[in-house]
Chemist: 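Take a look at this one; I'll ask things after.
Since this is a predicted model, take the numbers as computed values, not measurements.
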Amino acid sequence: MTVIDSRRTPLTFDSIVPGTGLAVALKLSRADLIATVAASNLRGRGGAGFPTATKWNLAAAAKVAEGECKFVVCNADEGEPGTFKDRVLLTEYAPLVFEGMTIAARAVGAKRGILYLRGEYVYLRPALDAELARRRKDGVLGAAIGGVAGFDFDVEIRMGAGAYVCGEETALIESLEGQRGEPRNRPPFPVDTGFRNQPTVVNNVETLAAVTAILAKGPEFFRKLGSERSAGFKLFSVSGDCDAPGVYEFPLGLTLRELLEQAGGTDAKAVQVGGASGVCVPAAQFGRRIAFEDVATGGSIIVFGPHRDMLAVAKNFMEFFCEESCGQCTPCREGNAKLLEGIRMLERGECSTAYLRELRLLGETMQLASKCGLGQSSPNAFLSIVEHFPDEVLGRSLAAAGGTR
Amino acid sequence: MSTVKETRPGTDRAPVSQNPRPLTYPPDASQSIGGEVSVQIDGQDVKVPIGTSLLDAAKKVGVHIPTLCHHPDLRVAGVCRVCVVEVEGQRTLQAACAYPVTSPLKVHTHTRKVRQARRHVVDLMLSTHCGECYSCKRNNNCELQKLAREYGVDFFRFGHVKASRIPKDESSYSVVRDMDKCILCRRCVRTCIDLQEVGVLEAIGRGHETRISTYLDKALADVVCINCGQCINRCPTGALHANDTSDEVWRAIDDPTKHVVIQTAPSPRAAIGECFGLEPGVPMTGQLNTALKLAGFDKVFDTNFTADLTILEEGTELLVRLHDALVKKQPTALPQFTSCSPGWVKYLEHFHPEYIPNLSSAKSPQQMFGAVIKTWYAQRNGIDPKDIVTVALMPCSAKKFECNRPEMDSSGFKDVDFGLTTREMAQMIQEAGIHLPSLAKSGFDDPFGDATGSGVIFGATGGVMEAALRTVIELVTGLKVEKLFEHANIVSVRGFEGVRLIELPITQVASEVPEIIRKHVPSFDFLKGVTLKVAVAHGTANAKRVMEDIRAGGPFSECHFIEFMGCPGGCLGGGGQPIPTSPEIRQARAKAIYAEDAGSAVRKSHENPAVLRLYTEFLTDGPCGHKSHELLHTHYTARGKHIG
Ligand SMILES: Cc1cc2nc3c(=O)[nH]c(=O)nc-3n(C[C@H](O)[C@H](O)[C@H](O)COP(=O)(O)O)c2cc1C
Ligand code: SF4
Ligand code: SF4
Ligand code: SF4
Ligand code: SF4
Ligand code: FES
């Protein structure tokens, strides 16, 4: 996947003066601070769309063990294929991201912050470290931040090691603890049993930057954008068969067609929304909205032009999941391998329709019974491609098998 | 000797029986006294304490949910996904073993989705599983096989591996790894890392490439495996099993020139009934003796004989060490550690080799017996020791390694030729067409005869200590143990608590030292006013805790004598015992063992007439004398953590 990060639209973040959001936050009580975020209707930008204020409320109420503290973790693992918007944020708006972490710490009462940085982004490290040093010097990190007695918070950077699953918040925490990056059972959730078994808020880079914007400009501004259940603006990483790939900002709720018009991809035959773990939307459904209530995405939009072989697309995604499954639970570990094997059979025209039906049921099982979001979403692309492009999938089977099946 | 004070070690680590990452949710829910929540499972309402797993809640109303990666001794994993159920209001299915109930829920355990998921999960496991049940050690006692039957697997939906892909690792004397049959439930990993804290096995690789491996993929014989076999006992399939030498034993039985004797340890008889469908805790001592004779063994001896012998040797060694330290003021390695558990011994050799001087030099009862059989017994009966084959029926997989230690040949021959596990013996008995439970009882053969109750309790954690105390107390104080402890039951050393520390102030000593040990210790006066401190630890995780405490100069460093057992529960929970195992099963076996002790005519090792005869006829220079040093004592190897 080619990675492009040229910005295609003006970003709201350009208009935020660093420091304004935190200054507002420090004037509010912790409860009012969370209420402000709640009023914005902000939902997590990492993909799952969990309401940020709800997460913070749970963490704020959770108890800390003696001698321990709460944590705020910024999830900068950005591993979803076709996603590169967090990199833009970390490159150009790092002050807003760290400010968002500090606001989150204030809200939940955390003392330590960790930026979990995707291994490949190690080149950003010197700049990020310099920004942290600058913030400590300015008194917006460290002891008694902004002169508020007892508000102590600092951030450290930890590097990921290239496993996609480590973007899943509990696997991320295992990895932070020095274990194999494997997701935990949930519940308990990180908000009460997270890093070192202490209450931990894990938020996406963009979520935290958005928090800063919300505090700076007020929740109303944010809530007015987007749809009723999907408030605010959102960054999109658009790649694939379009004229202008890059990072876009749109209010949530726009249709795929609107997005493709901007990116110059109106002749697409399908769009993969949400990366490898997202769904494949065929041209006939380009009227669908990008929103949590319709097709959700953490930001990844991959455009497939008319010449694309959709079975090859499905195969590409399945190969990715076979490599990236942590191998812990049966449905995902073995199921992805079976789906990939099935795709290979389809390619060769060796997959009977009965077996394809079984594989679709297997996909359902994986969605239902896998331990974490990876296995629960890994069959999505395969299932939607089989559903929307039966001719490309089965046609080849019939043709290659001489129409005997 | 009037008060018995029990202290608990002040460690910040959880006892092994506890889940290191508690399932209870929210984490402080367990403390909220009386907090209950109601769940509806398949239409039945039940109230359970907050934090109870859905699996346990279902059990309460008699709803069976299948499990595979779940094990009562291990922390929750939630990885196999065979236990998934539908919780109303949840988009995905939930693993019942890993889902704590914290609010009222409605649960359905056999909807279409659930049945489909379970069947797929079993199908997927079978698709990578290479094994033929009829040639498998776990045939008829395999959780995967059982699931396949219960969940209606009628064909291999997603294929099946026909040819072996992974060579077996048969390098270890004790444990065979047949990874063709592994279904990656990781119970062995959790056993080795969390329960035993040895850390030999770990999952490596990702996705479909995931497999269970050892450090640098080395053979099991070349890593720090202590041969405890606890992983075998918790593996749901035939992927792990003991290194079975029963065919060689059959060959010896078939060979008319061989005199094949078997010694049986206390724990197998308390458990072997389980292999014949009996409830745990039904002792089979007499029936087993009959069965072994029927199977073709020439003589059947009771390992308890050498357990009693061990007490005299190890007890004398302790008195000598105390005398050296307190009277001669010599630098002496104290506390003295027991050496009868070969898993523990190898653990110490790998992880704490600098403490080897603390290990009693006395061989284990198994090895003592081998040496005595190939010397005294051979002489007495005019049999050439080269024609004797000694077999040991043990609850333990590490005993197989122990009998193959190169230094175990003091009789001039291999002291013990073969170690067999309880499971392997049950198999041999079945092969001989014998139905164990319906046999008549019979006794043990002479010249060793029936041993004492002290020998029997070696099978349970705390048993060696209790046996040693019965003898040492009586010899040192000159008082009958029954005077000090009701029915001579020293209950403070019993139980399944991970670590126990007991203090026994010695207020009175005997005026005379028994003749048999007088040359080592001329008088007991030096012990008057001394508080004897002893401790018991079972399972290497607890042993590790005690060793760390000793290193740090904590309360255990002031002990005089510590009993260590490699396996949780002691030998009755050994790696050669019937599968499955659980805290309840081990409790039941312990009951059987203590019942046999209580029913014994002689209950103190130093009163065992056969042992006394051995000292008068053969080991004439007494316990820890020259001859016994040659035959009954051994030395150890500092192995360290980096080997191979
Ligand atoms: C397999 C997998 C990979 C994920 N990768 C990321 C990631 O790279 N970045 C991210 O922010 N969230 C990722 N998530 C989502 C996180 O688990 C978590 O929901 C998110 O960080 C929460 O932040 P938010 O509420 O601010 O979105 C991933 C989830 C799964 C299941
Ligand atoms: S779903 Fe996949 S990635 Fe998630 S726990 Fe299971 S095997 Fe690991
Ligand atoms: S492990 Fe179980 S299912 Fe596999 S061959 Fe052995 S008995 Fe059969
Ligand atoms: S025998 Fe014991 S030490 Fe060896 S791998 Fe199994 S559990 Fe670990
Ligand atoms: S060896 Fe046995 S216990 Fe270990 S993962 Fe495989 S099947 Fe499970
Ligand atoms: S038994 Fe519950 S997931 Fe394995």
Side-chain angles (χ1 to χ4, degrees), chain A residues 58 61-65 163-165 179-189 191-193 197-199 319-342 355 358-359 361-376 378, chain B residues 20-29 51 53 68-69 76-86 90-95 97-102 112-114 116-128 157-159 183-186 202-211:
Chain A
L58 290 168
K63 286 199 195 85
V64 180
Y164 167 63
V165 71
Q179 311 291 334
R180 266 171 75 90
E182 292 185 342
R184 295 176 176 177
N185 292 302
R186 293 142 43 102
F189 295 96
V191 284
D192 60 41
T193 311
N197 286 344
Q198 302 312 311
E319 282 169 347
F320 172 78
F321 286 119
C322 282
E323 291 227 331
E324 296 300 336
S325 156
C326 81
Q328 192 184 179
C329 74
T330 320
C332 169
R333 179 186 65 238
E334 309 298 347
N336 284 312
K338 291 298 162 205
L339 294 188
L340 178 60
E341 192 185 279
Y355 190 57
E358 195 66 58
L359 287 178
L361 291 176
L362 175 63
E364 185 192 23
T365 291
M366 292 163 67
Q367 290 174 325
L368 289 169
S370 292
K371 180 166 175 174
C372 86
L374 191 150
Q376 287 163 8
S378 63
Chain B
R21 193 172 293 138
L23 177 62
T24 43
Y25 171 83
D28 54 335
S53 72
L68 195 60
C69 66
V76 171
V79 296
C80 75
R81 315 305 286 179
V82 83
C83 68
V84 286
V85 295
E86 208 169 321
Q90 304 256 6
R91 187 176 49 87
T92 56
L93 302 176
Q94 302 297 327
C97 69
Y99 197 95
V101 187
T102 55
R112 177 195 72 83
K113 286 178 185 171
V114 170
Q116 172 185 311
R118 277 183 197 159
R119 195 179 274 205
H120 276 156
V121 164
V122 177
D123 279 330
L124 287 173
M125 286 193 279
L126 291 174
S127 77
T128 57
R157 205 170 258 98
F158 300 117
I183 46 142
L184 295 166
C185 68
R186 303 200 193 177
E202 181 51 298
I204 65 160
R206 287 198 296 167
H208 199 51
E209 312 276 287
T210 308
R211 61 205 169 81

Chemist: For A:Ala369, which atoms come within 4.5 Å of any heavy atom of chain B: side chain, backbone, both, or neither?
Modeler: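 Both the backbone and the side chain of A:Ala369 come within 4.5 Å of chain B.
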Chemist: Heavy-atom distances under 4.5 Å only: say whether A:Asn336 touches chain B with side chain, backbone, both or neither.
Modeler: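 Answer is neither: A:Asn336 stays 4.5 Å or more from chain B.
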Chemist: Looking at B:Gln90, B:Glu202, B:Arg186, which one has more heavy-atom pairs under 4.5 Å with chain A than the rest?
Modeler: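 Looking at each option in turn, the highest pair count goes to B:Arg186.
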Chemist: For chain A, which of B:Ile204, B:Leu124, B:Val82, B:Thr92 has the most heavy-atom pairs under 4.5 Å?
Modeler: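 When all of B:Ile204, B:Leu124, B:Val82, B:Thr92 are compared, B:Leu124 has the most.
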Chemist: By a 4.5 Å heavy-atom criterion (distance strictly below it), what part of B:Arg118 contacts chain A: side chain, backbone, both, or neither?
Modeler: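 Contact with chain A involves no heavy atom of B:Arg118 at all.
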Chemist: Given heavy-atom pairs under 4.5 angstrom as the criterion, report whether the side chain, backbone, both or neither of A:Glu324 touches chain B.
Modeler: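 Both parts, backbone and side chain.
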Chemist: Who wins among A:Glu323, A:Gln376, A:Arg180 for the most heavy-atom pairs under 4.5 Å with chain B?
Modeler: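 The option with the most such pairs is A:Arg180.
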Chemist: Sort B:Glu86 into side chain, backbone, both or neither according to what part of it lies under 4.5 angstrom from a heavy atom of chain A.
Modeler: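 It is neither, since no heavy atom gets under 4.5 Å.
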Chemist: Between A:Ala163 and chain B, with a heavy-atom cut-off of 4.5 Å, which part of the residue counts as in contact: side chain, backbone, both or neither?
Modeler: both
Chemist: Using heavy-atom distances under 4.5 Å, tell me whether A:Lys338 contacts chain B through its side chain, its backbone, both, or neither.
Modeler: side chain
Chemist: Given that the side chain runs from C-beta out, which part of A:Phe321 has a heavy atom under 4.5 Å from chain B: side chain, backbone, both or neither?
Modeler: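 Neither part; nothing is under 4.5 Å.
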Chemist: Among all residues two or more places apart in sequence or in another chain, which pass the salt bridge (charged side-chain N to carboxylate O under 4.0 Å, His left out) test with A:Glu334?
Modeler: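 Checked A:Glu334 against salt bridge (charged side-chain N to carboxylate O under 4.0 Å, His left out); zero matches.
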